[in-house]
A.B. asks: 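Have a look at the structure that comes next, please.
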Amino acid sequence: MQVHVFDNPAQVAQAAALLVASQVLRKPDSVLGLATGSSPIPTYGELIRLYRAGVLDFSRVRTFNLDEYCRLPSDHPCSYHFFMARELFDHVNIPAENTRLPDGNAENLLWEAARYDAAIAASGGIDVQLLGIGHNAHVGFNEPGDQLVYGAHVSDLTPSTIQANRRFFDREEDVPRQAVTVGIGAIMNARCVLLLATGQDKAQAVYESIRGEMSPRVPASMLQAHANVLFLLDREAAELL
Ligand code: GLP
């Protein structure tokens with residue numbers, strides 16, 4: 001595990017974008033695992049900048065997102081489909097058919113989860129996985145519990161996650177209670193994982209994930225067992241280390 005602490009979130013984003021960019025330059029048909037939430041937005045901004053500068057070509061890149069809410073229309077402004085279009089896909093030359101997210105509106109969500117894992121496997125696996133971290137150390141929507149789930153699945157969101165997501169929705173009752181998420185298998189099988197965390201509100205989750213015991217109660221702590229993981233942190237997120 002490598003832990004890099006930067007002065008500010010902009011440097012975290014630059015570092016993450018450099019690592020993703022070098023992957024795409026080395027392997028133009030790279031498979032990227034992408035994340036939503038506020039943490040990766042500046043990184044996507046940097047990648048768009050590199051694309052516009054003619055440095056990066058996304059025409060052969062393939063992407064798989066971590067998760068999507070259940071039963072939220074994909075054109076809803078809070079859906080992760082909408083988020084990814086707004087923050088990245090609409091601004092680079094990635095073909096729409098190369099971008100995948102779980103379909104949270106599939107009639108049978110269990111099949112959708114199985115299909116999603118199969119599609120990741122068929123792609124040859126994820127080269128670089130971007131991750132944020134929840135306040136309770138969830139990754140994707142793998143919430144703390146007695147055990148972690150290996151495969152993609154439907155996750156019941158915890159009250160703390162529902163509360164954290166509340167800021168994006170008009171009313172509390174509109175915040176989805178479930179999501180389809182990749183499991184720990186997809187994350188642990190990624191050849192490289194970049195976990196981005198910024199801000200003091202992430203310091204406890206970061207501390208427990210890096211310094212605590214590996215436990216399903218702290219989902220990101222499983223990354224201690226990953227052979228190629230980089231934590232990219234700003235000073236505030238790293239303050240308890
Ligand atoms: C959501 C996403 C996670 C993300 C987390 C933290 O729960 N499913 O992938 O890491 O939010 O979001 P933020 O970066 O906005 O704090």
Side-chain angles (χ1 to χ4, degrees), residues 8-10 12-13 16-17 32-46 63-72 74 76-84 86-88 100-104 113 116 126 128-145 148-149 152-169 172 174-184 186-188 190 193-210 218-223 229-234 236-238:
N8 56 57
V12 171
L32 304 179
L34 300 181
T36 51
S38 45
S39 305
I41 291 178
T43 300
Y44 295 147
E46 289 293 324
T63 67
F64 288 92
N65 265 78
L66 289 165
D67 45 20
E68 178 57 287
Y69 292 121
C70 293
R71 308 299 169 213
L72 198 62
S74 60
H76 188 290
C78 293
S79 81
Y80 288 166
H81 280 76
F82 192 94
F83 174 101
M84 288 310 302
R86 185 184 65 217
E87 302 297 342
L88 181 63
R100 289 281 303 260
L101 291 92
D103 177 3
Y116 201 67
I126 290 171
V128 174
Q129 174 68 59
L130 281 181
L131 283 183
I133 184 169
H135 296 114
N136 60 7
H138 73 243
V139 281
F141 272 129
N142 291 271
E143 295 278 32
L148 295 172
V149 181
H153 59 282
V154 175
S155 167
D156 294 322
L157 306 186
T158 59
S160 110
T161 300
I162 293 168
Q163 199 45 47
N165 295 341
R166 168 73 182 86
R167 65 191 196 276
F168 301 112
F169 292 84
E172 171 145 17
D174 294 338
V175 187
R177 273 27 185 190
Q178 287 188 314
V180 186
T181 181
V182 299
I184 57 152
I187 295 169
M188 294 301 282
V193 175
L194 308 178
L195 187 143
L196 319 179
T198 57
Q200 206 176 21
D201 58 320
K202 296 293 173 65
Q204 185 68 29
V206 165
Y207 172 79
E208 288 177 19
S209 302
I210 295 176
V218 183
S221 66
M222 71 184 172
L223 294 170
V229 57
L230 290 84
F231 279 75
L232 306 176
L233 312 172
D234 72 349
E236 291 188 357

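Just so it is clear, the structure is predicted and the values come from calculations on it, not from any experiment. Every number for a ligand or one of its atoms is a count from 1 in the order of the listing.
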A.B. asks: Near K202, which atoms of ligand 1 are under 4.0 Å from a heavy atom of that residue?
C.D. replies: 13 (P), 14 (O), 16 (O)

A.B. asks: I'd like to check which ligand 1 atoms, numbered from 1 as shown, lie under 4.0 Å from a non-hydrogen atom of S39.
C.D. replies: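 Ligand 1 atoms under the 4.0 Å threshold to S39: 13 (P), 14 (O).
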
A.B. asks: Please work out whether any backbone atom (N, CA, C, O) or any side-chain heavy atom from C-beta onward of F168 is under 4.0 Å from ligand 1, and answer side chain, backbone, both or neither.
C.D. replies: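 The answer is neither; F168 stays 4.0 Å or more away.
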
A.B. asks: Among protein heavy atoms, which sits nearest to atom 6 (C) of ligand 1, and what does the distance come to when rounded to 0.1 Å?
C.D. replies: I133 O, 3.6 Å

A.B. asks: Mind checking whether S38 has an N or O less than 3.5 Å away from an N or O of ligand 1?
C.D. replies: yes

A.B. asks: Among T36, L34, I41, find the one that has a side-chain contact (heavy atoms from CB on, under 4.5 Å) with E87.
C.D. replies: I41

A.B. asks: Enumerate the atoms of ligand 1 whose separation from the nearest heavy atom of G132 is less than 4.0 angstrom.
C.D. replies: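 Answer, ordered by atom number: 10 (O).
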
A.B. asks: Below 4.0 Å from ligand 1: does a non-hydrogen atom of H138 turn up there or not?
C.D. replies: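 Under 4.0 Å: yes for H138.
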
A.B. asks: Is E68 reaching over with its side chain to a backbone N or O of H81, donor-acceptor style, under 3.5 angstrom?
C.D. replies: yes

A.B. asks: Backbone or side chain, does any N or O of G140 fall under 3.5 Å from an N or O of ligand 1?
C.D. replies: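 For ligand 1, there is an N or O atom that lies under 3.5 Å from one belonging to G140.
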
A.B. asks: Is the backbone of G199 close enough, under 3.5 Å, to the side chain of D234 for a donor and an acceptor to pair up by distance?
C.D. replies: yes

A.B. asks: Does any non-hydrogen side-chain atom of V139 lie less than 4.5 Å from one of L195?
C.D. replies: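 In contact.
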
A.B. asks: Quick one, Q163 and E172 - any side-chain contact, counting heavy atoms below 4.5 Å?
C.D. replies: yes

A.B. asks: Would you indicate whether the side-chain heavy atoms of L223 and F231 approach each other to under 4.5 Å?
C.D. replies: yes

A.B. asks: Taking only heavy atoms of R167, which atoms of ligand 1 are found under 4.0 Å from at least one of them?
C.D. replies: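 It comes down to these atoms of ligand 1: 15 (O).
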
A.B. asks: Would you please classify the geometry between the F141 ring and the Y69 ring as parallel, tilted or perpendicular, with 30° and 60° separating the classes?
C.D. replies: tilted

A.B. asks: Evaluating non-hydrogen atoms only, which member of G37, A137, A205 is closest to atom 12 (O) of ligand 1?
C.D. replies: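 Comparing heavy atoms across G37, A137, A205, the nearest one to atom 12 (O) of ligand 1 lies in G37.
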
A.B. asks: Assess whether atom OH of Y207 is packed by more than 12 heavy atoms of other residues, nucleotides or ligands within 6.0 Å.
C.D. replies: no

A.B. asks: Check contact between E143 and ligand 1, using heavy atoms of the residue and a distance below 4.0 angstrom.
C.D. replies: no

A.B. asks: Looking only at heavy atoms, is any part of H135 under 4.0 Å from ligand 1, and if so is it the side chain, the backbone, or both, or is it neither?
C.D. replies: neither

A.B. asks: Give me the residue, atom name and distance of the protein heavy atom closest to atom 4 (C) of ligand 1.
C.D. replies: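 Here the nearest protein heavy atom works out to T36 O, 4.0 Å.
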
A.B. asks: Is there a donor-acceptor pair under 3.5 Å between the side chain of Q129 and the backbone N or O of V193?
C.D. replies: no

A.B. asks: Please report whether ligand 1 has a polar contact with D67, defined as an N or O pair separated by less than 3.5 Å (distance criterion only).
C.D. replies: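 Yes, D67 has an N/O under 3.5 Å of an N/O on ligand 1.
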
A.B. asks: For atom 1 (C) of ligand 1, what's the nearest protein heavy atom and its distance?
C.D. replies: Y80 OH, 3.6 Å

A.B. asks: Under 30°, 30 to 60°, or over 60°: which ring-plane class applies to F83 and Y80, parallel, tilted or perpendicular?
C.D. replies: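 The rings of F83 and Y80 stand perpendicular, inter-plane angle above 60°.
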
